[in-house]
Amino acid sequence: MTLLLTTAGESHGPALVAIISGLPAGLVLDRSAIDADLARRQAGYGRSPRQRIESDRVEVLAGLRHGRTLGTPLALVVRNVDHASWVWGMSPWPPEGSPDGKGTRPVTVPRPGHADLAGALKYGLSDVRDALERASARHTAVAVAAGAVAKALLARIGVEVSGRVLDEAGLGRRVDEARADRDTLGGRVEVRAGGVPPGLGSYADKEERLDARLAAAVMGIQAVKGVELGEGFALAELRGSEAHDEIFRDAEGLHRRTNRAGGLEAGVSNGEEMVVRAAMKPLPTLMRPLRTVDLATGEPAEALVERSDVAAVEALAVVAEAAVAFELARAALEKFGGDSLGDFVAAHEAYRDRIDWRPRP
Ligand code: EPS
């Protein structure tokens, strides 16, 4: 069975929901580890005042008993505390009583760089809020909860995934300067996965190529405009003799001394550390708004100004980590199978015993 993630939830709606299907039975989950990742995603310099309202915590509605997965769909919920201010504006049913709180007036001034205009045109919307609520990066919260579940599974076969911000020096100062100018920032992050065995993914079809799947998983995160694997774009500048990771063997097995490929050759993991980098564009909600057109009048206007983040690159590091972890867990379950955790772990061990490969110390 394939590991699948389905999410639902609007930024200011009642809650965010994730259903993970295809998990083996018997995986022990630690609630505090999931909540710790949710807290990491909320931290970071330059986040919106929204983060002082929310204190994200995971609730489990199904698929878990006494802390162990049942092998049935796992249903996760993260509530939006801020929904209390949007009860009328984001009511799932036709709201009762007179308009009250936030989100009561239609948004007609799309922000360049956000989903607003494309969403309004695509779905024929007169209120851009119907697009922006789901397009918001708020629902990455529940994707991070799903990533924490994936990391728990990967840990059982010795795989560890971690994300960090690149070019972190001076980030605080750059955020302060951007905020003072009522502007926003992007940035770059890197996710590394250690302990990945060779042989995850396949070169057979592009749907199975792990490099393509990781790139799609990370590109699918809000505001990401570029993804690179290993030395990525820099490899284009090198000769073949400088670019590839030569193969050696000693008494303990086959190994490499370099890792320019970032742990992936031909869409298959090669046993080296996996390296995935992503570039995030500057966030599109500006306190000094860009030019746009009012969709209600057709006249020039200023784009929507709404409470927002100045930068969220530190959050992206956690979200990208979750995305990579989920895709690696999916690839590991394809390779090792097993509807119970013991079968999955045993299949991994048998494979490791079979192959002539020395993991890098
Ligand atoms: C977002 C706009 C902001 C961000 C939000 C993403 O929301 P708000 O307008 O409610 O302050 O804070 O991200 C989150 C709420 C979050 O938890 O990450 C957007 O437009 O994408």
Side-chain angles (χ1 to χ4, degrees), residues 7-18 34-35 37-58 76-87 89-90 101-105 107 109-120 127-148 163 165 175 178-179 182-187 189 220-225 280-287 289-290 292 303-323:
T7 72
E10 279 71 45
S11 180
H12 305 100
L16 309 163
V17 181
I34 302 174
D35 285 342
D37 275 353
L38 291 176
R40 284 172 63 218
R41 193 199 68 93
Q42 285 200 273
Y45 200 60
R47 298 305 307 278
S48 147
R50 170 84 183 268
Q51 298 310 327
R52 294 200 286 273
I53 299 169
E54 303 296 341
S55 176
D56 294 340
R57 297 215 196 303
V58 73
L76 308 176
V77 172
V78 175
R79 306 256 169 209
N80 288 322
V81 174
D82 198 33
H83 180 65
S85 303
W86 298 74
V87 171
M90 286 302 294
K102 297 184 177 176
T104 55
R105 284 208 307 237
V107 176
V109 281
R111 290 160 294 176
H114 216 289
D116 302 354
L117 179 59
D127 184 353
V128 166
R129 182 158 302 285
D130 286 350
L132 71 86
E133 282 286 331
R134 177 62 182 171
S136 162
R138 170 67 188 152
H139 79 256
T140 58
V142 87
V144 164
V165 175
V175 169
R179 194 198 311 274
R182 295 185 293 149
D183 218 324
T184 59
L185 285 182
V189 304
I221 301 167
Q222 287 82 351
V224 170
K225 294 298 270 186
M280 181 186 218
K281 69 186 179 183
L283 302 175
T285 309
L286 303 188
M287 296 303 127
L290 296 174
T292 189
L304 175 68
V305 177
E306 199 169 71
R307 173 191 68 192
S308 193
D309 310 291
V310 177
V313 67
E314 289 165 286
L316 176 64
V318 181
V319 176
E321 171 187 302

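Whatever order the structure lists them in is the order used to number ligands and atoms, beginning at 1. Along the sequence shown, the residues carry numbers beginning at 1.
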Salt bridge between Asp82 and Arg138, side-chain N to carboxylate O under 4.0 Å? no
Could you give the distance from CZ (Arg182) to CE (Met287), rounded to the nearest 0.5 Å? 9.5 Å
Knowing that exactly one of Arg179, Arg47, Arg41 qualifies, which makes a salt bridge (Lys or Arg N to Asp or Glu O under 4.0 Å) with Asp309? Arg47
d(Leu316 CG, Glu321 CD) to nearest 0.5 Å is 11.0 Å
When rounded to the nearest 0.5 Å, the distance separating CG of Leu290 from CG of Leu304 is 11.5 Å
Short side-chain donor-acceptor distance under 3.5 Å, Arg134 and Thr7: yes
Between ligand 1 and the protein, give all atom pairs where both partners are nitrogen or oxygen and the distance is under 3.5 Å, as lines of names plus distance to 0.1 Å.
residue  : atom   : partner : partner atom : Å
ligand 1 : 9 (O)  : Arg307  : O            : 2.7
ligand 1 : 10 (O) : His12   : NE2          : 2.7
ligand 1 : 10 (O) : Arg50   : NH1          : 2.7
ligand 1 : 10 (O) : Arg307  : NH2          : 2.8
ligand 1 : 11 (O) : Ser48   : OG           : 2.9
ligand 1 : 11 (O) : Arg307  : O            : 3.3
ligand 1 : 11 (O) : Arg307  : NE           : 2.9
ligand 1 : 17 (O) : Arg41   : NH2          : 2.7
ligand 1 : 17 (O) : Gln51   : NE2          : 3.0
ligand 1 : 17 (O) : Arg138  : NH1          : 2.9
ligand 1 : 18 (O) : Arg41   : NH1          : 2.8
ligand 1 : 18 (O) : Arg41   : NH2          : 3.4
ligand 1 : 18 (O) : Arg47   : NH2          : 2.8
ligand 1 : 20 (O) : His114  : NE2          : 3.0
ligand 1 : 21 (O) : Ala137  : N            : 3.0

